[in-house]
Amino acid sequence: MTTALGLGTYRCREITTAATAALEAGVTWIDTAPNYQGGEAERQLAPFLSAHPEVQVSTKAGYLAKNHCAEAVQAGVLTAQEAKQGHSLNPSYVSWQVERSRTELGRSPDIVFLHNPEHGHSSATSLAQQLLPAFVALEEACDRGAAGGYGIATWSALHGEFTTIGRLLKLAHQAGGPNHHLQAVQLPLSLVQITPLAHSIDGVGVLADAHEAGLHILGAAPLHGGELMEILTPAAVELLVPGLTPLEAALGAVASSPGVTRILLSASTAEHWEEAAAAVSQPLPMPRLRKIVDAFSP
């Protein structure tokens, strides 16, 4: 099965332009957050989403844009001190944020991710204690049609033992029962953040566990903010895996790793999207994938 592409709006300067170019290349998933674009990302996306109902959208709850803090305090979902911290998984705030995103986007998001839930936590226990009530709030949002499902978008929690897919599933079962709405995880996957890719080749680790559980896996930052393309020179790629371009090696390694559902890019032109689509169109044969991953593994 070919891994799909999605537009990640964190680094987008012109969201509508990027979304239009992505759609022209057949991309029908957009990932955003209330704090992107200085707090304006969701509002900027609303007209595009209204014109293209076939496009799915995921957003997040966790970080507050500075211009949203007063709203949250006025709504009574956070204290002034909590808002000042800039991040919260308080269930009343999560519920409020889901409804706010629903209004800003002009429709219910397909997925709401808890945004870097590890923020401010020093142990797996404290994280689980906060995740459970947040999951309850998200289950209630799904039940009332304010969201299609939920998950976590994390930079580091799933790369170690801070939390695991098994723990997330247990919490979701506690929050919503056997028909819970935990549907997806988002995490950085690249030749820099390579451990999950290396493990997945051997059928173990976070990607294998998520795939077995039927969760969608969204890979963020596959080019590591563009830095990877400076490391992957054409000569180095030709020596390592002859016949591939640097982009094909970088995106192909992520797209070909077992379990990955979608890769999020912030490309802004149709040409860039066409290049990315070509790079992930055919999974790399396992020997080639192993060669690339082995070369970049510590």
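Because the structure is predicted, anything quoted here is derived from the model rather than measured. We use all heavy atoms of the structure for the numbers below, so side chains are in, but hydrogens, waters and symmetry mates are not.
Under the 4.5 Å side-chain heavy-atom criterion for ILVMFWY residues, a single connected hydrophobic cluster contains both L169 and V206. Placement of L89 and V73 in two distinct hydrophobic clusters is found when ILVMFWY residues are connected by side-chain heavy-atom separations under 4.5 Å, directly or transitively. Hydrophobic clustering (ILVMFWY, side-chain heavy atoms < 4.5 Å, transitive): L168 and L207 are in one cluster. When the side chains of ILVMFWY residues are joined at heavy-atom separations under 4.5 Å, either directly or via intervening members, L189 and L264 end up in two distinct hydrophobic clusters.
The heavy-atom pair separating E71 from N67 by the smallest distance is OE2-O, 3.7 Å. The two residues P222 and L228 come nearest to each other via the heavy atoms O-CD2, 3.6 Å. Closest approach of Q183 to G148, counting heavy atoms only: NE2-O, 3.1 Å. Listed here is the closest heavy atom pair of P246 and V237: CA-CG2, 3.8 Å.
For the residue pair E42 / Y36, no side-chain donor-acceptor distance below 3.5 Å is found, with atom types taken as modelled. In this structure, a donor-acceptor pair under 3.5 Å is present between the side chains of T32 and T9. Side-chain N/O atoms of S126 and S123 include a donor and acceptor closer than 3.5 Å. No side-chain N or O of S95 forms a donor-acceptor pair with one of E140 less than 3.5 Å apart. N116 and T154 share no side-chain donor-acceptor pair at under 3.5 Å. Donor-acceptor pairing under 3.5 Å is recorded for the side chains of H121 and Q130. Between S88 and N90, the side chains place no donor N or O within less than 3.5 Å of an acceptor N or O (distance only, hydrogens not considered).
Judged by distance alone, with hydrogens and angles left aside, the side-chain atoms of T3 form no donor-acceptor pair with the main-chain N or O of R262 at under 3.5 Å. In terms of modelled atom types and a separation under 3.5 Å, the side chain of Q186 and the main chain of A220 share no donor-acceptor contact. Using a distance-only test at 3.5 Å, with no hydrogens or angles considered, no donor-acceptor pair links the side chain of N35 to the main chain of L64. No donor-acceptor distance shorter than 3.5 angstrom exists from the side chain of S50 to the backbone of A46, with no hydrogens or angles considered. No side-chain donor-acceptor contact under 3.5 Å links S200 to the backbone of A208. For T261 (side chain) and H216 (main-chain N/O), no donor-acceptor pair under 3.5 Å exists by modelled atom type.
With a 4.5 Å cut-off on side-chain heavy atoms, F113 and V185 do not count as touching. Between P117 and L127, some side-chain heavy-atom pair lies under the 4.5 Å cut-off. Counting heavy atoms from C-beta outward, L7 and W273 have side chains that approach closer than 4.5 Å. H68 has its side chain within reach of R100: a pair of non-hydrogen atoms, C-beta onward, lies under 4.5 Å apart. Side-chain atoms of V192 and F296, non-hydrogen and from C-beta on, never get closer than 4.5 Å to each other. Considering only heavy atoms from C-beta on, E139 comes within 4.5 Å of H180 through its side chain. Using a 4.5 Å heavy-atom cutoff, the side chains of C12 and S268 are not in contact. L105 places a side-chain heavy atom less than 4.5 Å from the side chain of P109.
Salt-bridge annotation for R290 and D202: present, with a side-chain N of the basic residue lying under 4.0 Å from a carboxylate O of the acidic one. R144 has a carboxylate O that lies under 4.0 Å from a charged side-chain N of E99, or vice versa, which qualifies the two as a salt bridge. With respect to K60 and D31, a salt bridge is recorded, a charged nitrogen being found less than 4.0 Å from a carboxylate O.
Remark: E54 CD is packed, more than 12 non-hydrogen atoms of other residues, nucleotides or ligands lying under 6.0 Å away. In this structure, Y10 places its OH atom where only 12 or fewer heavy-atom neighbours from other residues, nucleotides or ligands lie under 6.0 Å away. Counting heavy-atom neighbours within 6.0 Å of E212 CD, excluding the residue itself, gives a total of 12 or less.
Screening S256, P242, P283 against R288 for a side-chain contact (heavy atoms from CB on, under 4.5 Å) leaves a single residue, P242.
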Next on the checklist: Does E118 form a side-chain contact (heavy atoms from CB on, under 4.5 Å) with T163? I'd like the steps, not just the answer.
Outcome noted: CA-CA 9 Å; E118 67 272 19; T163 193; over 6 Å; no
Next on the checklist: Would T20 and E24 count as a side-chain hydrogen bond (donor to acceptor under 3.5 Å, both in side chains) here? Give the steps.
Outcome noted: CA-CA 6 Å; T20 301; E24 289 175 354; over 6 Å; no
Item to check | Verdict with supporting geometry, E82 and Y93, side-chain hydrogen bond (donor to acceptor under 3.5 Å, both in side chains) | outcome: CA-CA 10 Å; E82 288 172 330; Y93 164 70; over 6 Å; no
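Here L232 contributes atom CG and H224 contributes atom NE2; the two are 12.0 Å apart, rounded to the nearest 0.5 Å. Rounding to the nearest 0.5 Å gives a distance of 4.5 Å between CD1 of I15 and CD of Q44. Note: L284 CG to L244 CG = 6.0 Å, rounded to the nearest 0.5 Å. Note: L265 CG to I263 CD1 = 6.5 Å, rounded to the nearest 0.5 Å. Note that CD of Q97 is 11.0 Å distant from CG of L138, once rounded to the nearest 0.5 Å. Taken to the nearest 0.5 Å, the CG atom of L197 stands 8.0 Å off from the CG atom of L289.
Aromatic ring pairs are classed by plane angle as parallel below 30°, tilted from 30° to 60° and perpendicular above 60°; the pair H119 and H87 is tilted.
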